[in-house]
Amino acid sequence: MPDTNTPPSGPRRWEMTVAEARTVQQTLRERLVVQPPPGFSPRLVAGADVSVERFKHYGYAAIVVIDLQTMEQVDEAGAAAELRFPYVPGYLSFRELPPLQRCWDALRVRPDLVVFDGHGYAHPRRFGLACHGGVLWDVPSIGCAKNPFIGTHAPVGEARGATAQIVHEGETVGKVVRTRAGAKPLYVSAGHRMDLPTAVDLVLRLAPRYRQPETTRLAHRRVNELRRADRGG
DNA sequence: GCGACAG
DNA sequence: ATCTTGTCGC
């Protein structure tokens, strides 16, 4: 019987079936906090991302931390690891969190917020990657995906800052956010210790110029460096 | 039953 | 996610 990845510490096992993973999601979901801490004003913001070699089961993960005031990087950690869970829509966290966990453990600073490259609350069981990671690490988090997953939404305005609600099963689970005019919008949802308005506000602050939040851009650049540097060596 | 389906 | 160059546009 697999461990349920009980936070905040203890042995965590990732060898499990999709059915078992679903049970883990439903169990951990009860720990999800849907409001940010009182007076939440993050300074250290982390971005997490994973890169996978095509047709391989090897992944390169990275977490990069920036100071929101200066937008400058203040810490970073990377890790290469075998991905022991397949990509199954709805269970992305079980594939990406193991290598990201190693990055998290290696960080020298404790971020006030983590932005994940994937959905959070906008998930079939309301427990996407950002929710799972946030609960495991007990840190406020945001899900910021490049593509839609669940729900429907009205057309998004063309101007930067325009948004549209993502509705699923009669509930607003996230928002489509235009971070840059002329670019595809982002799909934002709350993770742990977070709410939708705060998540949208932070994503726009983190992406003043480019489509993706600065945290995601840096993490993405880092994992690709790790992947390219590893082949041939 | 059929199609859809984060990275 | 990854395979991939140049090219159109602000």
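Labels below follow one simple rule: chain letters A, B, ... track the order of the sequence lines, proteins then strands, and each chain is numbered from 1.
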Side chain of A/K146 only, heavy atoms from C-beta on: which candidate in B/dA6, B/dG7, C/dC3 is closest? B/dG7

Using the side-chain heavy atoms of A/R54, tell me which of these nucleotides is nearest: C/dT2, C/dA1, B/dC5.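 Out of C/dT2, C/dA1, B/dC5, the nucleotide with an atom closest to A/R54's side chain is C/dT2.
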
Check the orientation of A/Y91 and A/F94. Use parallel for under 30°, tilted for 30 to 60°, and perpendicular for over 60°. tilted

Euclidean distance, atom [atom1] of residue [X] to atom [atom2] of [N] [Å, nearest integer]:
X      : N     : atom1 : atom2 : answer
A/H168 : B/dA4 : NE2   : C1'   : 12 Å
A/F116 : C/dA1 : CZ    : P     : 16 Å
A/E53  : C/dA1 : CD    : P     : 14 Å
A/F85  : C/dA1 : CZ    : P     : 19 Å
A/N224 : C/dT2 : CG    : C1'   : 10 Å
A/E96  : C/dA1 : CD    : P     : 9 Å
A/L92  : B/dC5 : CG    : C1'   : 12 Å
A/L129 : B/dA6 : CG    : P     : 13 Å

Where does DNA chain B pair, written as one dot-bracket string 5' to 3', with Watson-Crick or G-U pairs under 3.5 Å, ( ) inside the strand, [ ] for crossing pairs and | for another strand? .......

Does [N] have its OP1 or OP2 closer than 4.0 Å to a side-chain nitrogen or oxygen of [X]?
X      : N     : value
A/Y187 : B/dA6 : no
A/S51  : C/dT2 : yes
A/N147 : B/dG7 : yes
A/R227 : C/dT2 : yes

Report yes or no: do [X] and [Y] form a side-chain donor-acceptor pair below 3.5 Å?
X      : Y      : answer
A/R125 : A/Q25  : yes
A/T198 : A/D195 : yes
A/D230 : A/Y60  : yes

I need the single residue from A/R221, A/R227, A/R228 that forms a side chain to side chain donor-acceptor pair (under 3.5 Å) with A/E225. Which is it?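 The residue from A/R221, A/R227, A/R228 that satisfies side chain to side chain donor-acceptor pair (under 3.5 Å) with A/E225 turns out to be A/R221.
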
Here the pair of heavy atoms bringing A/A48 nearest to A/I63 is CB-CG1, 4.0 Å

Sugar-phosphate, base or nothing in reach of [X], heavy atoms under 4.0 Å:
X      : value
A/I150 : nothing
A/Y91  : base
A/G90  : base
A/P148 : sugar-phosphate
A/H220 : sugar-phosphate

Using a strict threshold of under 4.0 Å (side-chain N to carboxylate O), is an ion pair present between A/K146 and A/D117? yes

Hey, is A/E171 close enough to A/R126 for a salt bridge, meaning N to O under 4.0 Å? yes

